There are 2 protein chains.
Amino acid sequence: MPLGKDYAAQSCSLARTLELVGERWTLLIVRDAFYGVRRYNDFLVHLALPRAVLSARLRTLTENGVLETVRYQASPPRDEYQLTAKGRELWPAVHALAVWGEQHHGSEKGSRRDFLHAGCGTRLDQAGRCPACETGVPPEDVEMRPGPGADRAPADAVSRALLRPRMLLEPLPQPLNA
Amino acid sequence: MPLGKDYAAQSCSLARTLELVGERWTLLIVRDAFYGVRRYNDFLVHLALPRAVLSARLRTLTENGVLETVRYQASPPRDEYQLTAKGRELWPAVHALAVWGEQHHGSEKGSRRDFLHAGCGTRLDQAGRCPACETGVPPEDVEMRPGPGADRAPADAVSRALLRPRMLLEPLPQPLNA
DNA sequence: CCGCTGAATTCAATCACTGAACTCTTTGCT
DNA sequence: AGCAAAGAGTTCAGTGATTGAATTCAGCGG
């Protein structure tokens with residue numbers, strides 16, 4: 001629905017996936033959700049996208065069961081957006097795309113962000129598996145830390161909060177200071 | 001370049017990947033290339049997209065080293081578009097997205113297309129690995145065959161040609177009859 | 001009462017996509 | 001030679017989506 005017509009070749013499941021998740025900004029929102037971003041304003045600050053687009057994307061992701069809203073305070077009603085189980089299953093795809101980008105368009109200084117199997121400390125391969133343990137690693141067990149190519153002093157508070165090592169899906173500390 | 005501005009948060013390799021591969025139609029073109037589609041007209045027939053968009057996408061994919069043009073006849077000069085090594089490395093990402101779509105938006109009749117480890121015949125998991133052999137499977141070793149949910153009598157010749165089991169990256173037979 | 005925050009919506013301008021028509025070159029047919 | 005067809009595009013007007021700025025709105029803090 002979001003993008004006018006549906007893709008032809010709808011006999012392919014990739015086409016139906018891209019209808020939902022293939023619009024501009026959508027996968028970056030999902031990626032941020034894996035990073036622990038949950039609030040409207042944090043997405044806004046981190047991605048620097050127009051508010052209208054963010055609202056629209058959050059709505060269609062929620063309507064399609066990728067995100068769900070969770071009330072975190074009642075009096076001025078405020079909702080967080082969290083990944084559902086269905087959304088968390090996008091991790092292999094998101095990770096594979098990120099790894100491809102790192103390999104082919106990475107900076108010369110090295111990776112910007114590393115994803116490690118928590119507990120064993122090994123970097124994941126493109127398939128999202130731990131080469132040492134020879135198992136797939138769900139996002140809950142992935143530790144993210146800045147790599148040598150990371151920007152050391154980003155302009156926005158969300159990027160700064162993401163600079164310290166953290167587990168995927170772990171919510172950002174609130175409020176965001178420094 | 002293709003989409004006006006570059007994504008902010010360019011410290012993420014996913015963003016740079018999506019700049020290249022995240023536009024409408026682009027990943028479907030790449031998927032078709034894995035399926036063996038190589039010619040302008042075959043992409044056009046299979047995807048039913050505007051010619052202007054197809055030309056633009058093929059150009060940027062070629063300029064960025066995902067596809068390369070290969071002359072297949074000289075007299076009226078005709079080029080095929082083939083995946084480069086860099087392009088073939090998108091297979092895990094494309095496959096992961098397709099599997100996600102199959103799981104969450106698949107038809108009730110079952111999968112539309114199955115991807116098997118050729119030689120062992122086991123269906124790949126979401127990470128693109130063969131559960132039986134416990135190895136990753138490169139696209140050259142993947143056999144594609146229609147699943148129970150496939151459309152049995154598609155309207156276009158390319159879809160009909162893709163109905164018989166085939167190896168990924170194997171070029172479509174030319175000319176396309178039936 | 002006033003200003004602030006978080007979460008939006010509205011609006012004009014811009015940009016991209018769509019679909020149809022057109023171009024150009026070579027080849028096959030008569 | 002003349003004509004139609006195929007393959008691979010380009011051009012162009014109309015539509016739809018995205019952008020960035022401004023505005024709204026509710027509740028809270030002092």
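Per chain, numbering begins at 1; letters A, B, ... match sequence-line order. Predicted model, so just to flag it, every value in this text is computed and none were measured.
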Counting only side-chain heavy atoms from C-beta out, which of [options] sits nearest to [X]?
X: Arg59(B); options: dT18(C), dA8(D), dT10(D); result: dT10(D)
X: Ala52(B); options: dA8(D), dT18(C), dT27(C); result: dT18(C)
X: Arg39(A); options: dA8(C), dA7(C), dT10(C); result: dA7(C)
X: Pro50(A); options: dT18(C), dT19(D), dG6(C); result: dT19(D)
X: Pro76(A); options: dT18(D), dC28(D), dG6(C); result: dC28(D)

Practice prompt. Please report the shortest heavy-atom distance between Ala33(A) and Leu67(A), naming the atom on each side.
Written response: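 Between these two residues, the closest heavy atoms are CB-CD2, 4.3 Å.
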
Worksheet item: Of the non-hydrogen atoms in Ser13(A) and Glu102(B), which two are nearest, and what is the gap between them?
Response: OG-OE1, 3.3 Å

Give the rounded distance in Å between these two atoms: [atom1] of [X] and [atom2] of [N].
X: Leu58(B); N: dA8(D); atom1: CG; atom2: P; answer: 10 Å
X: Asp79(A); N: dA7(C); atom1: CG; atom2: P; answer: 8 Å
X: Glu23(B); N: dC15(C); atom1: CD; atom2: C1'; answer: 12 Å
X: Leu54(B); N: dG19(C); atom1: CG; atom2: C1'; answer: 14 Å
X: Leu47(A); N: dG20(D); atom1: CG; atom2: P; answer: 13 Å
X: Arg78(A); N: dG6(C); atom1: CZ; atom2: P; answer: 8 Å
X: Arg24(A); N: dT14(C); atom1: CZ; atom2: C1'; answer: 13 Å
X: Trp25(B); N: dG19(C); atom1: CH2; atom2: P; answer: 8 Å

Worksheet item: Mapping Pro77(A) and Leu49(A) onto DNA chain D by nearest heavy atom, which one lands closer to the 5' end?
Response: Leu49(A)

Between [N] and [X], is there an OP1 or OP2 to side-chain N/O distance shorter than 4.0 Å?
X: Ser75(B); N: dT25(C); value: no
X: Arg57(A); N: dT18(D); value: yes
X: Arg51(B); N: dT11(D); value: no
X: Ser55(A); N: dA7(C); value: no
X: Tyr40(B); N: dT10(D); value: no
X: Tyr72(B); N: dA8(D); value: yes

Discussion item. For Arg24(B), is there any backbone N or O sitting under 3.5 Å from a side-chain donor or acceptor partner on Arg57(B)?
Written reply: yes

Worksheet item: So, Ser159(B) side chain and Pro154(B) main chain: donor-acceptor pair closer than 3.5 Å or not?
Response: no

Practice prompt. Using the six-membered ring of Tyr72(B), assess whether NZ or CZ of Arg39(B) lies under 6.0 Å from its centre and within 45 degrees of the ring axis.
Written response: yes

Fill in: CG on Asn41(A) to CD on Gln174(A), rounded to 0.5 Å
9.5 Å

Item to complete: Remember a base hit wins even if backbone is also touched, and classify Phe43(B) as base, sugar-phosphate or nothing at under 4.0 Å, heavy atoms.
Response: nothing

